[in-house]
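Data block below; observations after.
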Amino acid sequence: MFRRVRFLPLLLMTTTPAQASDLFYGLGVINQKVDVTVTSGGSSATGSESSSGLALFADYYYRSKYRFNGTLGYVDYTDFYTLSVTASADYLFPYDDRTTFFAGVTGGGISQVYNDSSLSDMAVSYLAGYQLGGIWLASRNIMLELGYRQRSTDLETDITSTGAVATVDQVSETYLSVYFLF
């Protein structure tokens, strides 16, 4: 038994990531922009706000042509923060042994909580859209992904302190993800 176990580290070091597993986990840095319309009384104002956050990713590759992704994201803005949970399906366009481009669809949910509000005041809505990007195998154990997502939503939050209603209808995002392959 010990003979078999002692060769496991050697096997893991000589196995390529594609042979080891088709399931990868990673951490991403997100730069997210939301288009916000605030309505108070009879007037409304529209604007955009950008901020950065983090995301946890899990990817499953199928037949080297498709990728299925699950993402949990958090972005902290000046007056609120957003949490999102999404699932994506991508078609892969391999360029060479280390580089792959992709295009696909994404859907899920997003929530928004304003500062000085409780979780019971959280607004929740759907997300649906598309994504484009590229994946690069930097080394045997590190994979980088750079991408862009454009998603529609209908996230409406009552701001109780001002009596206004904030509506988010577009969420766009650029991101850089790092996957550590084991």
Side-chain angles (χ1 to χ4, degrees), residues 23-41 43-60 67-90 101-136 138 141-182:
L23 183 63
F24 301 106
Y25 302 93
L27 180 65
V29 176
I30 302 169
N31 182 19
Q32 190 177 77
K33 181 183 123 194
V34 293
D35 294 334
V36 181
T37 302
V38 178
T39 306
S40 180
S43 64
S44 65
T46 302
S48 296
E49 189 171 348
S50 295
S51 191
S52 296
L54 295 174
L56 296 174
F57 295 89
D59 285 352
Y60 176 73
R67 177 180 69 163
F68 301 99
N69 170 281
T71 304
L72 173 64
Y74 171 83
V75 179
D76 192 11
Y77 292 90
T78 304
D79 295 326
F80 59 90
Y81 67 88
T82 62
L83 292 169
S84 61
V85 176
T86 58
S88 307
D90 298 314
F101 298 101
F102 64 88
V105 295
T106 184
I110 187 169
S111 65
Q112 180 182 41
V113 177
Y114 273 82
N115 296 347
D116 301 326
S117 295
S118 68
L119 286 179
S120 64
D121 296 328
M122 177 187 300
V124 179
S125 186
Y126 70 91
L127 280 174
Y130 66 90
Q131 60 188 24
L132 305 166
I135 303 166
W136 180 59
N141 296 319
I142 297 176
M143 186 167 64
L144 301 174
E145 178 179 336
L146 180 64
Y148 174 78
R149 292 185 181 107
Q150 178 69 43
R151 297 167 296 178
S152 298
T153 188
D154 189 16
L155 185 62
E156 189 171 281
T157 307
D158 291 327
I159 307 170
T160 54
S161 61
T162 63
V165 175
T167 304
V168 176
D169 57 4
Q170 290 290 322
V171 178
S172 60
E173 171 176 297
T174 54
Y175 64 93
L176 175 64
S177 303
V178 178
Y179 295 87
F180 298 99
L181 312 178
F182 302 102

#### Entry: Partner residues of Tyr74 under the ring pair (Phe, Tyr, Trp, His ring centres under 6.0 Å) criterion, sequence neighbours left out
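Tyr74 satisfies ring pair (Phe, Tyr, Trp, His ring centres under 6.0 Å) with Tyr81 only.
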
### Query
Who passes ring pair (Phe, Tyr, Trp, His ring centres under 6.0 Å) against Tyr77, sequence neighbours left out?
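So Tyr77 forms a ring pair (Phe, Tyr, Trp, His ring centres under 6.0 Å) with Phe80.
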
Ignoring hydrogens, what is the shortest heavy-atom contact between [X] and [Y]? Give both atom names and the distance.
X	Y	answer
Ser172	Tyr148	CB-OH, 3.6 Å
Ser51	Asn31	O-OD1, 3.1 Å
Ala55	Ile30	CB-CD1, 3.4 Å

Report the distance from atom [atom1] of [X] to atom [atom2] of [Y], rounding to the nearest 0.5 Å.
X	Y	atom1	atom2	answer
Ser177	Leu27	OG	CG	8.0 Å
Asp76	Thr82	CG	OG1	8.5 Å
Thr71	Leu56	OG1	CG	9.0 Å
Leu23	Asp59	CG	CG	8.0 Å
Phe68	Asp90	CZ	CG	9.0 Å
Ser88	Phe102	OG	CZ	8.5 Å

Side chain to side chain, [X] and [Y], heavy atoms closer than 4.5 Å:
X	Y	result
Trp136	Glu145	no
Val29	Leu54	yes
Ile142	Val178	yes
Glu156	Gln112	no
Met143	Phe24	yes

#### Entry: Partners meeting side-chain hydrogen bond (donor to acceptor under 3.5 Å, both in side chains) with Ser152 (sequence neighbours left out)
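side-chain hydrogen bond (donor to acceptor under 3.5 Å, both in side chains) list for Ser152, sorted by chain: Gln170.
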
### Partner residues of Ser84 under the side-chain contact (heavy atoms from CB on, under 4.5 Å) criterion, sequence neighbours left out
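side-chain contact (heavy atoms from CB on, under 4.5 Å) check on Ser84 returns Ile110, Leu127.
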
### Message
For Phe57 and Tyr179, take the angle between the two ring planes, folded into 0 to 90°, and tell me which bin it lands in: parallel under 30, tilted 30 to 60, perpendicular over 60.
### Response
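It falls in the tilted class, 30° to 60°.
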
Check: residues 33-40 side-chain donor-acceptor pairs under 3.5 Å, at least two apart:
{"from": "Asp35", "atom 1": "OD1", "to": "Ser48", "atom 2": "OG", "distance (Å)": "2.7"}
{"from": "Thr37", "atom 1": "OG1", "to": "Thr46", "atom 2": "OG1", "distance (Å)": "3.4"}

#### Entry: Within 6.0 Å of OH in Tyr126, more than 12 heavy atoms from elsewhere
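More than 12 within 6.0 Å, yes.
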
### Polar side-chain atom of Ser125 near backbone of Asp154 as donor-acceptor pair, under 3.5 Å
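Here the side-chain-to-backbone pair exists.
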
### Query
For the side chain of Thr106 and the backbone of Gly129, is there at least one donor-acceptor N/O pair under 3.5 Å apart?
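No; judged by distance alone, with no hydrogens or angles, the pair does not exist.
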
### Message
What verdict does the side chain to side chain contact (heavy atoms under 4.5 Å, CB included) test give for Arg149 and Tyr175, after you've listed the backbone C-alpha separation in whole Å, the side-chain angles of each residue and the deciding distance to 0.1 Å?
### Response
CA-CA 8 Å; Arg149 292 185 181 107; Tyr175 64 93; 3.5 Å; yes

#### Entry: All salt bridge (charged side-chain N to carboxylate O under 4.0 Å, His left out) counterparts of Arg151, not counting sequence neighbours
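Expected list: Glu173.
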
